[in-house]
Chemist: 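Here it is: the structure, laid out below.
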Amino acid sequence: METRAGDPGAFAQFDLNRVPSPAFVVDAAAVRRNLAILKDVRDRSGIKLLAALKAFSMWSLGPTIAAYLDGVCASGLYEARLGREEYSGADGAGEVATYCAGYKAEDLPEICALSDHIIFNSPGQHARFRPIFNAAHAQGHRFDVGLRINPLHAEGEVSKYDPCQPHSRLGFPVDQLRPEHLDGVDGIHFHSLCEQDFVPLARTWAALEPSLKGHFGRLKWLNFGGGHHITRADYQREDLIAFLRQVKAASGLELYLEPGEAVALDAGILVGEILDVIDNGMPVAITDISATCHMPDVIEAPYRPAMLHEVPGGPVVRLGGPSCLAGDIIGDFALPVPPEPGQRIAFLDQAHYSMVKTNTFNGVPLPAIWLWDSETDDLREVRRFDYADFRNRLS
Ligand SMILES: Cc1ncc(COP(=O)(O)O)c(C=O)c1O
């Protein structure tokens, strides 16, 4: 995969020696800039906009996100709880919309207490858990029920990230949807995009609307999921706003978007240090950043992250982590100066989907989390991890 982000923004001027290594550094001003764009889309289209915690759950920024958006979407009990505790905003009004491909009965009473929307992946799960809902309602909990449908319209460039791939487990196939599946259902959800422009959304809706419009009268809302790269400079925001206004007017329904990546796009870097340099047919540098532990999408997607201050066309060095995994390779990069132990490096656009996926394989330490504000130059450590964090995940 090609990364379409990677603008260094204010990080072009950031001194990498101001933080320990490894460390994520998130620029609060860049997050605010993204949030202002999302809020503008929300306000001008008259929709509700939620931040997807799965992409970016740096909860120290929860109050900031709550000040701009309507709430968060969660992938299960833990994210729902984090959303309620940290993202509810000063007035406590922040919404929590929870969707999970498969709920466990024992989690649902708490999810009912925490969530404004509970979205099911199949009518079967919804039907099975009705007694739990009825009990939650009897206790005074108020929430809407949603059903995720699969539009059966693939727009994904990579099948791993395409919820409409053949035999996908994500969403109830729209060609099986019958009116009785919507008994007790307040809203329809679909999510089928990944880092995409407006046009794939428009095409998806054009394919889907004929199957859904007969049901609009019994629904309260439609949720168009995430995968909208709204804060990227060349995203077609005016087209999106016009489209949302039109769908809202035609359907008479409340509309939701729940982007994740767009909240933190180009807003954070991962700082590392070169530990050793060897030659094995090419220069190879071992760093304290591990692809498998700290940037697993580099291997999983796979993709090549953009590097701060890379000099395109220069001689390349292979950079990899300290773990035993032969494939713990970040990529081949042209450094601005020849690699030396102690030298700092940084990878761009690491705030989303890296911080939430870190692990301690091989006992590799987790990167610290630092918050910088490029407008004021305030820099503070938000969280440091140590041996106890590694040990406490095991027994
Ligand atoms: C249901 C759902 N909503 C929202 C998102 C957020 O997507 P993104 O971070 O690409 O905007 C995802 C991502 O996988 C998702 O599965």
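For the single chain, residues carry numbers from 1 onward in sequence order. In listed order, ligands and their atoms are each counted from 1.
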Chemist: Any N or O on Gly260 sitting closer than 3.5 Å to an N or O of ligand 1?
Modeler: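 Yes.
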Chemist: Could you list which atoms of ligand 1 come closer than 4.0 Å to a heavy atom of Pro259?
Modeler: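 Under 4.0 Å from Pro259, ligand 1 has these atoms: 11 (O).
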Chemist: Tell me whether the count of non-hydrogen atoms from other residues, nucleotides or ligands lying under 6.0 Å of CZ in Arg203 goes above 12.
Modeler: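 More than 12 within 6.0 Å, yes.
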Chemist: Starting from atom 15 (C) of ligand 1, what is the nearest protein heavy atom, named by residue and atom, and what distance separates them?
Modeler: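 Going by distance alone, atom 15 (C) of ligand 1 is nearest to Lys54 NZ, 2.9 Å.
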Chemist: Under 4.0 Å from ligand 1, counting heavy atoms only, is it the side chain of Glu261, its backbone, both or neither?
Modeler: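 It is both parts that get close, each with some atom under 4.0 Å.
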Chemist: Let me see the working for Asp332 and Arg304 under salt bridge (charged side-chain N to carboxylate O under 4.0 Å, His left out), right down to the final yes or no.
Modeler: CA-CA 9 Å; Asp332 296 346; Arg304 181 185 182 278; over 6 Å; no
Chemist: Output yes when the distance from some N or O of ligand 1 to some N or O of Tyr353 is under 3.5 Å, and no in every other case.
Modeler: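 Yes, Tyr353 has an N/O under 3.5 Å of an N/O on ligand 1.
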Chemist: Could you find the nearest protein heavy atom to atom 14 (O) of ligand 1 and give me its residue, atom name and distance?
Modeler: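 In this structure, atom 14 (O) of ligand 1 has His191 NE2, 3.5 Å as its nearest protein heavy atom.
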Chemist: So, the side chain of Ser21 versus the backbone of Glu273: is there a donor-acceptor pair under 3.5 Å, distance only?
Modeler: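 Judged by distance alone, yes, a pair lies under 3.5 Å.
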Chemist: Using a distance-only test with no angle check, is there a side-chain donor-acceptor pair under 3.5 angstrom linking Gln196 and His229?
Modeler: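 No donor-acceptor contact under 3.5 Å links the two side chains.
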Chemist: Nearest protein heavy atom to atom 3 (N) of ligand 1, by residue and atom, and its distance?
Modeler: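 Ranking protein heavy atoms by distance from atom 3 (N) of ligand 1, first comes Glu258 OE2, 2.7 Å.
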Chemist: Does a donor on one side chain sit under 3.5 Å from an acceptor on the other, for Asp328 and Thr292?
Modeler: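 The criterion, which ignores hydrogens and geometry beyond distance, is not satisfied for Thr292 and Asp328.
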Chemist: If you count heavy atoms of other groups shown closer than 6.0 angstrom to CH2 of Trp59, is the number above 12?
Modeler: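 Counting other residues, nucleotides and ligands, CH2 of Trp59 stays at 12 neighbours or fewer.
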Chemist: Atom 8 (P) of ligand 1: which protein heavy atom is closest, and how many Å away?
Modeler: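 For atom 8 (P) of ligand 1, the nearest protein heavy atom is Gly227 N, 3.4 Å.
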Chemist: I'd like to know whether ligand 1 has His189 as a neighbour, heavy-atom separation below 4.0 Å.
Modeler: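 Within the 4.0 Å threshold, so yes.
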Chemist: What part of His352 sits under 4.0 Å from ligand 1 if we count only heavy atoms: the side chain, the backbone, both or neither?
Modeler: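 No part of His352 is near ligand 1 at this cut-off.
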Chemist: Just checking Asn17: does its CG atom have more than 12 heavy atoms from other residues, nucleotides or ligands closer to it than 6.0 angstrom?
Modeler: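 Counting neighbours around CG of Asn17, more than 12 heavy atoms of other residues, nucleotides or ligands fall under 6.0 Å, so yes.
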